[in-house]
J.: 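Below: one structure in structure tokens.
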Amino acid sequence: MRFPFLDLAKVNEPYVEELAEAAGRVIRSGRYIGGEENDALEAELGAILSAPYIIGVSNGLDALRLILRAYVEMGVFRKGGEVIYPANTYIASVLAISDAGLVPVAVDIDEHTMNIDSSLIEAAVTPRTCAIMTVHLYGRVAWDDILVDVARRHGLKIIEDCAQALGARTLASGLHDSHHAGALGDAAGVSFYPTKNVGALGDAGAVVTHDSELATTVRALANYGSDRRYHNIYCGFNCRLDPIQAAMLRVKLPHLADENADRFARALAYQRTIEHPSVILPAMSREVTDHVWHQYVIRVPAGSRDNFRKFLEEKGVGTDIHYAVPPHRQPCYASLTHEPLPVTDRIADEIVSLPIATGTSVADAAEIGRIINSLDF
């Protein structure tokens with residue numbers, strides 16, 4: 001295939017020697033749980049996000065699970081409390097909510113940003129609501145004054161699913177001094193899944209917060225619920241970050257800004273090239289940093305999507321769908337009731353992700369755009 005959707009070997013190729021050295025460093029250290037690599041990664045990520053507390057954990061889903069469970073253990077949330085979330089998201093956002101004994105409440109999305117429609121949040125608030133989970137989907141910051149105002153007036157926590165938006169920033173005011181996605185709200189879950197803009201060589205994640213009590217509780221929960229050796233204050237988990245993965249991430253994290261800039265350049269090439277009347281391009285704001293383009297997601301007529309993808313495949317272009325079945329339509333959440341979600345349901349049948357990761361050049365993106373323009377549908 002001339003234009004594969006994603007080639008992880010090519011993504012990691014520039015770092016192979018450094019990654020091998022970092023792995024050897026951990027092997028020679030004799031410290032295979034926790035240790036200096038984890039401490040250093042947490043400090044380095046905290047410096048990037050301007051956040052005081054970073055806890056390395058096993059993956060992005062566990063990061064969200066630990067945040068929600070910690071709030072329950074702290075008495076901030078009660079079992080059965082409701083958490084508002086955007087209907088267009090990966091299922092991990094919702095699994096974390098239900099796993100903590102809380103109730104997911106879906107809110108529809110803005111058609112242009114494909115993130116939560118903040119104008120609909122207030123109507124979803126009930127006496128049982130305890131939090132809003134905002135998801136920076138595809139790398140675009142989902143944060144505005146309406147969301148913050150609703151949360152403050154109703155005493156709700158704001159939890160960020162920052163699995164796809166590391167390095168994104170916003171001009172809008174957060175709850176703290178930082179303007180970085182992941183450090184805007186009360187707490188955030190970060191994913192370092194291998195496909196992310198900065199990916200590990202396996203599963204890895206982090207919790208970000210400005211709350212020292214939450215950080216202490218999360219760290220204990222992630223380590224079997226223990227605050228010290230053989231002393232377990234919670235019925236916790238084994239959700240610790242592997243130091244090998246911490247070492248891998250320390251190699252790649254310094255290149256985050258360059259990676260995001262490269263993705264923006266490819267997105268801009270698509271925006272300037274694709275002119276097909278039946279293709280809707282993602283909104284692109286003037287602020288370069290508010291979208292780090294984890295995915296470049298276009299929309300095509302629902303009935304034509306399969307033929308569209310088949311045509312591109314025949315031309316050597318790999319594509320994907322993020323995500324074809326939203327959580328509220330998954331069998332495991334069939335018993336959940338929700339308000340109508342017309343925008344989410346419609347775009348779920350229209351969205352297509354184009355190649356944008358390392359391995360796709362700006363020239364490749366322009367050529368893919370020209371291939372799309374040649375399609376008759």
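If you're wondering where the values come from, they're calculated on a predicted model, not measured in any experiment.
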J.: Give a yes or no on whether a salt bridge exists between Arg65 and Asp62, defined as a side-chain N under 4.0 angstrom from a carboxylate O.
T.: yes
J.: Got a sec, which residues hit side-chain contact (heavy atoms from CB on, under 4.5 Å) with Ala63, two or more places apart in sequence or on another chain?
T.: Val57, Val207
J.: Members other than Ile121 in its cluster, when Ile, Leu, Val, Met, Phe, Trp, Tyr link by side-chain heavy atoms under 4.5 Å?
T.: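 For the cluster that includes Ile121, the remaining residues are Ile84, Val105, Val107, Ile116, Leu120, Val125, Ile132, Val141, Trp143, Ile146, Leu147, Val148, Val150, Leu156, Ile158, Leu175, Leu184.
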J.: The criterion is ring pair (Phe, Tyr, Trp, His ring centres under 6.0 Å); which residues satisfy it with Tyr90, sequence neighbours excluded?
T.: Tyr323
J.: Through direct or indirect side-chain contacts below 4.5 angstrom among Ile, Leu, Val, Met, Phe, Trp and Tyr, which residues connect to Ile280?
T.: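 Its cluster mates, by chain and number: none.
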J.: Who are the ring pair (Phe, Tyr, Trp, His ring centres under 6.0 Å) partners of Tyr224, not counting sequence neighbours?
T.: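 Here no residue qualifies.
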J.: Who else is in the cluster with Leu6 when I, L, V, M, F, W and Y are joined by side-chain contacts under 4.5 Å?
T.: Phe5, Leu8, Val11
J.: What pairs with Asp39 under salt bridge (Lys or Arg N to Asp or Glu O under 4.0 Å), at least two apart in sequence or on another chain?
T.: none
J.: Only counting residues at least two apart or in another chain, list the ones meeting salt bridge (Lys or Arg N to Asp or Glu O under 4.0 Å) with Glu37.
T.: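 Glu37: salt bridge (Lys or Arg N to Asp or Glu O under 4.0 Å) contacts with Arg25, Arg250.
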J.: More than 12 non-hydrogen atoms from neighbouring residues, nucleotides or ligands closer than 6.0 Å to CD on Glu36, yes or no?
T.: no
J.: Restricting to side-chain contact (heavy atoms from CB on, under 4.5 Å), what partner residues turn up for Ile91, sequence neighbours left out?
T.: Leu95, Pro327, Gln330, Cys332, Tyr333
J.: Check for a donor-acceptor pair, side chain of His179 on one end and backbone N or O of Ala172 on the other, with a separation under 3.5 Å.
T.: yes
J.: Under the ring pair (Phe, Tyr, Trp, His ring centres under 6.0 Å) rule, collect the residues that match up with His176, sequence neighbours excluded.
T.: His210
J.: Could you list the residues that satisfy side-chain contact (heavy atoms from CB on, under 4.5 Å) with Glu213, not counting sequence neighbours?
T.: Met74, Asp211, Thr217
J.: Using a distance-only test with no angle check, is there a side-chain donor-acceptor pair under 3.5 angstrom linking Asn197 and Asn260?
T.: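 The answer is yes; a qualifying pair exists.
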J.: In chain order, what residues pass the side-chain contact (heavy atoms from CB on, under 4.5 Å) check against Ser173, with sequence neighbours excluded?
T.: none
